[in-house]
Amino acid sequence: MNTVESLNPEQKKAVIADNENMLVLAGAGSGKTSVLTHRTAWLVNEQGVPPMNILAVTFTNKAAKEMRSRVESLLDISTHGMWIGTFHGIAHRLLRRHAGEIGLDPQFKILDQDDQLQIVKKIVKDLNIDDKIYPPRTIRAFIGARKDEGVRADSLHSSDSRYDYTYIKAFQAYETQLRVDKALDFADLLLYVHDLFDQNEGVRRSYQDRFKVILVDEFQDTNKIQYDWLKLLVTTQNSIMAVGDDDQSIYGWRGAKVENIFKFQKEYAPVSVIKLEQNYRSTQTILDAANAVIANNEERMGKNLWSDGDKGEPIAIYEAVSERDEAAYVSTKIADKLKMGVSADQVAILYRSNAQSRALEEALITQKVSYRIYGGVRYFERAEIKDVLAYLRLIAMPEDNLAFERIINVPTRGIGLRTIDKIREYARDSHLSLWASAEDMVEAKLLPAKALNTIKTFIVMINGMKSLIQPLGLADKIKVVLEGSGLLEFHGSSKHEKAQQKLENMQELVNAAQNFNPPVDVVEEQEMLQEFLAFAVLESGESQADENTPAVQLMTLHSAKGLEFPHVYMVGLEEGLFPTSRSVDMEEKLSEERRLCYVGITRAMKALTISYATSRFQYGESSFPMKSRFLNEIPKEHTQSVRMGNTKPKTFGFGVSPTDFLNKRAKAIASHTSPIGSQYKQGDIVEHAKFGMGVFLGNEGDGEDARLHVDFKGGYGAKVLVAKYARLTKIS
DNA sequence: TAATCAGCTTTTTTT
DNA sequence: AAGCTGATTA
């Protein structure tokens, strides 16, 4: 199939370009993925480029999957030989192949963030670092930031005055520990591939030869090390096409460098630059709003989205009195839409931080709206899942100290800290693994009788499972481990609140293994396990919820990038939350927040609703935020204030437009002083005969007919009361 | 050694 | 609100 005809001139230009370096600046919804997939198809179908000579790199697994399936539908032949994957996925694949060439143990394991943190914690303890001054999280962030910019511990000198010596020391210890554990973190995957290409000319050449065409998606999100290793692959004989949008750069905090786009233009010259500005996704109103917001950023490459579609509906703005009110509004509106025949999966709720999902979930449940949540603790990051995987690891590789430490006393089997400390000590002195040390110590009876017995039982159990498991397939291996480890029984008989959920999660792992499809051709069972373990880290949370039933999607703005929905609700547009309080006094960070807002707005195809609350319960206390500056950046002619109950504004006979009226009211409520005549101030604690204590949020009008907004404690929530009947008592 | 509890801190985004 | 740490009790 060839559908180049369906493309616009700019898209077409990018698709049928010669073997040249190209930068495609693709605005939101401008058909970026179409360009990437059609280019691939055109190369294969028309130019006869074999799929195996193409490398396509994305950032998320979702994007990689989508790309493969869309390419497949355009191709006459199989995409099997084509490399499509995330930076990390491809790096992993390369390293498994070439571990030997750069002195890596081919059995290396991959650490997720939690594993990293555990290691840092251990180091903090070992080095007697004060964790009040140097919290492990901060140290981890330091290490991550250095590695993302390609700086290794051994290239940092203790005299380097840029950094506190303690960080450097911890960094060095961390790197040593990773080598001992034969473990790589996410950044290592990229770093080692860089080293591989940099140091091994033969390997570099072979991939330069192989990849005639390199396609990179979301180029604005590349960090230094990713940029560098791509560069090592490009020669005068092949070409690279970078697709990105500087306005959608939202991962600066993770080391992404928008500047890479500028650098690309210089370092890969001559580069043909193609701008895709025609948007096929959203109404003109939505685009105008997005353009207006992003125009407040400096240092843009400059793009303006346009569409030849309809103007569409104005953007609805809802001012809530609390996060519960906000959630109630959003969920009732969604329920209404579903009743009108909108399918649930056409609707998304987007928020700045995962913590915001809670109130929304509760409200959706009340409305009986089925929803699916993305993010939060991902499936393979759950403690109980990692426990099971640790058993598998220890059984397969007894020298895996990380696995040993994780499960030696999970479920609790009477092996306490004292015993574990002794094993650690023995291991350190004898340079053995913890497992081997435990074996030795049992042999030589180096422990008190009780500890000796429990350890012995543990060893026998692991060894027993080992021989049992050997011939079994992955799913059956897991079944044996669930039973044999005692994990099933432990959680099954636990009266802990979450025990049932944990049990189900663990059972689900058997299914996950059953359905697991290794990305490379695997022959040995051992290799299968290794691929599964890597998959669990690299693709920790993909598609666990069943995707068959349509559901409203809840996710952060970050994870919404690249997606689109006919109906979008963007909630929590409040100063301090979005933009976050940590960004407001730094221009750079504020710009990134604004780009995030731009991403959010441009997810919407037909209808966009934005909401904010004048009071929000967070971090265990009430706050009274002002509405987000981003809201004020949207031209008023594109918005319409809405209220609970009716989307259409009421008519007012005062010669004042409804919008104006509501804006005035919004101001009155958002400001900390109420209009003259009210006896309460925002934030006052008041008491009501029936509802008890509450926080006064604001009022509409004054005198005895004034409507008072109060957020009551004790499960009553936000209420609107008429002043003359309310009989509130002011407490403070 | 294990489980429970009180008091403490900590809050963004994720391959 | 929720998770973590340290102390206390069984």
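We use all heavy atoms of the structure for the numbers below, so side chains are in, but hydrogens, waters and symmetry mates are not. Reminder, nothing fancy here: chain letters follow the sequence lines and each chain counts from 1.
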Could you tell me the separation between the [atom1] atom of [X] and the [atom2] atom of [N], rounded to a whole number of Å?
X: A/Leu596; N: B/dT14; atom1: CG; atom2: P; result: 10 Å
X: A/Arg93; N: B/dT15; atom1: CZ; atom2: C1'; result: 18 Å
X: A/Ile408; N: B/dT1; atom1: CD1; atom2: P; result: 12 Å
X: A/Met555; N: B/dT14; atom1: CE; atom2: P; result: 11 Å
X: A/Asp185; N: B/dT14; atom1: CG; atom2: P; result: 18 Å
X: A/Leu557; N: B/dT13; atom1: CG; atom2: P; result: 11 Å
X: A/Glu361; N: C/dA1; atom1: CD; atom2: C1'; result: 14 Å
X: A/Leu538; N: B/dT15; atom1: CG; atom2: P; result: 10 Å

Between the protein and nucleotides 4-9 of chain C, list every N/O to N/O distance that falls short of 3.5 Å.
none

Of A/Arg382, A/Arg406, A/Lys502, the residue whose pairing with A/Asp387 passes side-chain hydrogen bond (donor to acceptor under 3.5 Å, both in side chains): A/Arg406
For DNA chain B, the residues among residues 411-421 of chain A that have a non-hydrogen atom under 4.0 Å from it: A/Thr412, A/Arg413, A/Gly414, A/Ile415, A/Gly416, A/Arg418, A/Thr419
To the nearest 0.5 Å, what is the distance between [atom1] ([X]) and [atom2] ([Y])?
X: A/Leu189; Y: A/Ile225; atom1: CG; atom2: CD1; value: 11.5 Å
X: A/Asn260; Y: A/Lys231; atom1: CG; atom2: NZ; value: 11.0 Å
X: A/Cys597; Y: A/Leu573; atom1: SG; atom2: CG; value: 6.0 Å

Counting side-chain heavy atoms from C-beta on, which of [options] comes nearest to [X]?
X: A/Asn409; options: B/dT11, B/dT13, B/dA2; answer: B/dA2
X: A/Ser559; options: B/dT12, B/dT14, B/dT15; answer: B/dT14
X: A/Thr556; options: B/dT15, B/dT14, B/dT11; answer: B/dT14

Whether [X] contacts [N] is assessed here as follows: a side-chain N or O lying under 4.0 Å from the phosphate OP1 or OP2. Is that the case?
X: A/Thr580; N: B/dT13; value: no
X: A/Asn61; N: B/dT14; value: no
X: A/Arg358; N: C/dA2; value: yes
X: A/Asn354; N: B/dT11; value: no

Face-to-face contact A/Trp253 to B/dT13 six-ring, under 5.5 Å, under 30°: yes
Integer angstrom distance from the P of B/dT13 to that of C/dC4: 15 Å
With a non-hydrogen cut-off below 4.0 angstrom, is [X] in contact with a base, only sugar-phosphate, or nothing?
X: A/Phe59; result: sugar-phosphate
X: A/Ser583; result: nothing
X: A/Gln113; result: base
X: A/Tyr251; result: sugar-phosphate

Residue pair A/Val258, A/Asp221: steps toward the side chain to side chain contact (heavy atoms under 4.5 Å, CB included) verdict: CA-CA 7 Å; A/Val258 213; A/Asp221 287 337; over 6 Å; no
Donor-acceptor under 3.5 Å (A/Glu575 side chain, A/Arg629 main chain): yes
A/Asp112 side-chain N/O to A/Asp115 backbone N/O, donor-acceptor pair under 3.5 Å: yes
A/Tyr612 and A/Glu326: CA distance, side-chain angles, deciding distance, side-chain hydrogen bond (donor to acceptor under 3.5 Å, both in side chains) verdict: CA-CA 7 Å; A/Tyr612 62 97; A/Glu326 177 180 60; over 6 Å; no
Measure from NZ or CZ of [X] to the centre of the six-membered ring of [Y] and say whether it is under 6.0 Å with the direction within 45° of the ring axis.
X: A/Arg413; Y: A/Phe490; result: no
X: A/Arg146; Y: A/Phe142; result: yes
X: A/Arg152; Y: A/Tyr192; result: yes

